[in-house]
*Asks:* 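Next up is a structure, given as structure tokens.
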Amino acid sequence: MRSSRKACWPAALVAAVMVGTGGAAASDLGGGQTFSSPSRISQAWAGFYVGGHLGFSMMNHDVTLTPGPSQFSINSSSLSGGLMAGVNASVTQNVILGAEADLTLMNNASNRLINGGRYFGDADVMGSLRGRLGMTFDQFMVYGTAGMTLAGIDMGGPFGRIGKSRLGFTVGAGIEANLTRNVFARVEYLFTGFGSDNYGIGAGQSLGGSSNMHTVRGGVGFRF
């Protein structure tokens, strides 16, 4: 379980960004000015963008082996990375609404030795389509995101394996910063849940249960 200190640092970072930049942003936007120096970048958030992301993913399968029954978890972790593309629209002076699609590659594979047999779970590719809602503060934006995800998840045991395309949901939040008028960087956390499913893995055995994933990643993109 995370300590309270670790759980509070994202809120503290957001608060620091808001306090440090909110007043200056209101002044500049109210006067209709355009930031001309690298430290006072114009809030050109609207438009299409493309980019890439790199991070770390942790996956968990809570499964029941039948016949048995034996209940156990298969946990794995992996570097993950891929591409993203999206569009932002300005709703008000400080509110941004957007949509984003991404493709992620990973190697989230692990196994457990249960009752003399080795059972495993594996996920290597995932794509999501999400909405985003953000609040801007000078060159920074704090945002939430939610949408649907499709991933290829394999499960198996000593008598066989089977792969399925699993549809789930993703929710998360992040902080994005304009580095120049067209280039931005971000850091975000995403939780993905895939619900329950059942895998027939041969010899009359099946693995049933739910899968979920935690991802922390950074990204860099170019806005047109």
Side-chain angles (χ1 to χ4, degrees), residues 1-8 10 52-84 99-132 144-174 187-219:
M1 183 176 294
R2 298 180 179 175
S3 68
S4 59
R5 179 176 299 176
K6 290 182 179 179
C8 290
H53 58 84
L54 180 65
F56 187 76
S57 297
M58 296 168 287
M59 192 157 196
N60 177 68
H61 307 280
D62 291 320
V63 298
T64 298
L65 173 64
T66 304
S70 295
Q71 295 181 330
F72 56 93
S73 295
I74 302 174
N75 302 311
S76 61
S77 59
S78 168
L79 289 175
S80 59
L83 303 175
M84 60 188 183
E100 181 173 296
D102 63 25
L103 178 67
T104 303
L105 302 179
M106 68 197 83
N107 185 30
N108 259 311
S110 188
N111 62 80
R112 288 282 302 273
L113 186 63
I114 304 294
N115 300 331
R118 195 165 295 278
Y119 299 86
F120 65 88
D122 181 9
D124 55 10
V125 62
M126 178 173 68
S128 73
L129 179 62
R130 295 170 284 105
R132 296 203 309 158
T145 183
M148 59 183 183
T149 297
L150 185 66
I153 299 178
D154 294 2
M155 300 197 77
F159 303 108
R161 64 183 291 167
I162 186 170
K164 291 188 177 185
S165 296
R166 300 275 295 273
L167 184 65
F169 69 92
T170 295
V171 295
V187 59
E188 63 185 0
Y189 163 78
L190 301 171
F191 172 80
T192 304
F194 294 101
S196 298
D197 208 335
N198 191 71
Y199 290 73
I201 57 174
Q205 289 188 324
S206 66
L207 287 175
S210 62
S211 303
N212 60 71
M213 182 182 298
H214 300 267
T215 301
V216 177
R217 67 190 189 186

*Asks:* With rounding to the nearest 0.5 angstrom, report the OG1 to CD distance, Thr66 to Gln71.
*Replies:* 9.0 Å

*Asks:* Nearest 0.5 Å, please: how far is CD1 in Ile74 from CE in Met59?
*Replies:* 10.5 Å

*Asks:* Is there a side chain to side chain contact (heavy atoms under 4.5 Å, CB included) between Asp154 and Tyr199? Walk through the geometry before answering.
*Replies:* CA-CA 9 Å; Asp154 294 2; Tyr199 290 73; 6.0 Å; no

*Asks:* Can you tell me if Ser196 and Ser210 form a side-chain donor-acceptor pair at under 3.5 Å?
*Replies:* no

*Asks:* Does the Arg217 side chain pair with the main chain of Gly81, one donor and one acceptor, at a distance under 3.5 Å?
*Replies:* no

*Asks:* Return yes if a side-chain donor-acceptor contact under 3.5 Å exists between Ser128 and Asp102, otherwise no.
*Replies:* yes

*Asks:* Could you go through the side chain to side chain contact (heavy atoms under 4.5 Å, CB included) check for Leu113 and Phe72 one step at a time?
*Replies:* CA-CA 10 Å; Leu113 186 63; Phe72 56 93; over 6 Å; no

*Asks:* Looking only at heavy atoms, what is the nearest atom pair of Ser77 and Met58, with distance?
*Replies:* CB-CG, 4.1 Å

*Asks:* Decide side chain to side chain contact (heavy atoms under 4.5 Å, CB included) for Met106 and Met213; before the verdict, give the C-alpha distance in whole Å, the side-chain angles of both, and the deciding distance to 0.1 Å.
*Replies:* CA-CA 12 Å; Met106 68 197 83; Met213 182 182 298; 3.5 Å; yes

*Asks:* Asn75 versus Ser110: any side-chain heavy-atom pair under 4.5 Å?
*Replies:* no

*Asks:* List in chain and number order the residues that pass side chain to side chain donor-acceptor pair (under 3.5 Å) with Ser70, two or more places apart in sequence or in another chain; answer none if no residue qualifies.
*Replies:* Asn115

*Asks:* Carefully, step by step, assess Leu190 and Thr145 under the rule side chain to side chain contact (heavy atoms under 4.5 Å, CB included).
*Replies:* CA-CA 8 Å; Leu190 301 171; Thr145 183; 3.7 Å; yes

*Asks:* Output the distance between atom CG (Leu129) and atom OG1 (Thr170), rounded to the nearest 0.5 Å.
*Replies:* 10.5 Å

*Asks:* Could you tell me whether the side chain of Leu103 reaches within less than 4.5 Å of the side chain of Val125, counting heavy atoms only?
*Replies:* yes

*Asks:* Testing the basics here: between Gly157 and Ile201, what is the closest heavy-atom pair and its distance to 0.1 Å?
*Replies:* N-CD1, 4.0 Å

*Asks:* Does a side-chain heavy-atom distance below 4.5 Å link Phe191 with His214?
*Replies:* yes

*Asks:* Would you mind listing every salt bridge (charged side-chain N to carboxylate O under 4.0 Å, His left out) that reaches into residues 190-205, with sequence neighbours excluded?
*Replies:* Lys164-Asp197, Arg166-Asp197

*Asks:* When rounded to the nearest 0.5 angstrom, what is the spacing between CG in Asp122 and CG in Asn107?
*Replies:* 6.5 Å

*Asks:* Would you give the length of the straight line joining atom CZ of Phe169 to atom OG1 of Thr192, rounded to the nearest 0.5 angstrom?
*Replies:* 8.0 Å

*Asks:* Indicate whether the side chain of Thr104 and that of Ser80 have a donor and an acceptor atom separated by less than 3.5 Å.
*Replies:* no

*Asks:* Write down the atom of Ile114, the atom of Tyr119, and the distance for their closest heavy-atom approach.
*Replies:* O-CE1, 3.6 Å

*Asks:* Between His61 and Ser211, what is the shortest heavy-atom contact and its length?
*Replies:* ND1-OG, 2.7 Å

*Asks:* Report the distance from atom OG1 of Thr215 to atom OH of Tyr189, rounding to the nearest 0.5 Å.
*Replies:* 8.0 Å

*Asks:* Can a donor-acceptor pair be found between the side chains of Asn108 and Ser76 at a distance below 3.5 Å?
*Replies:* yes

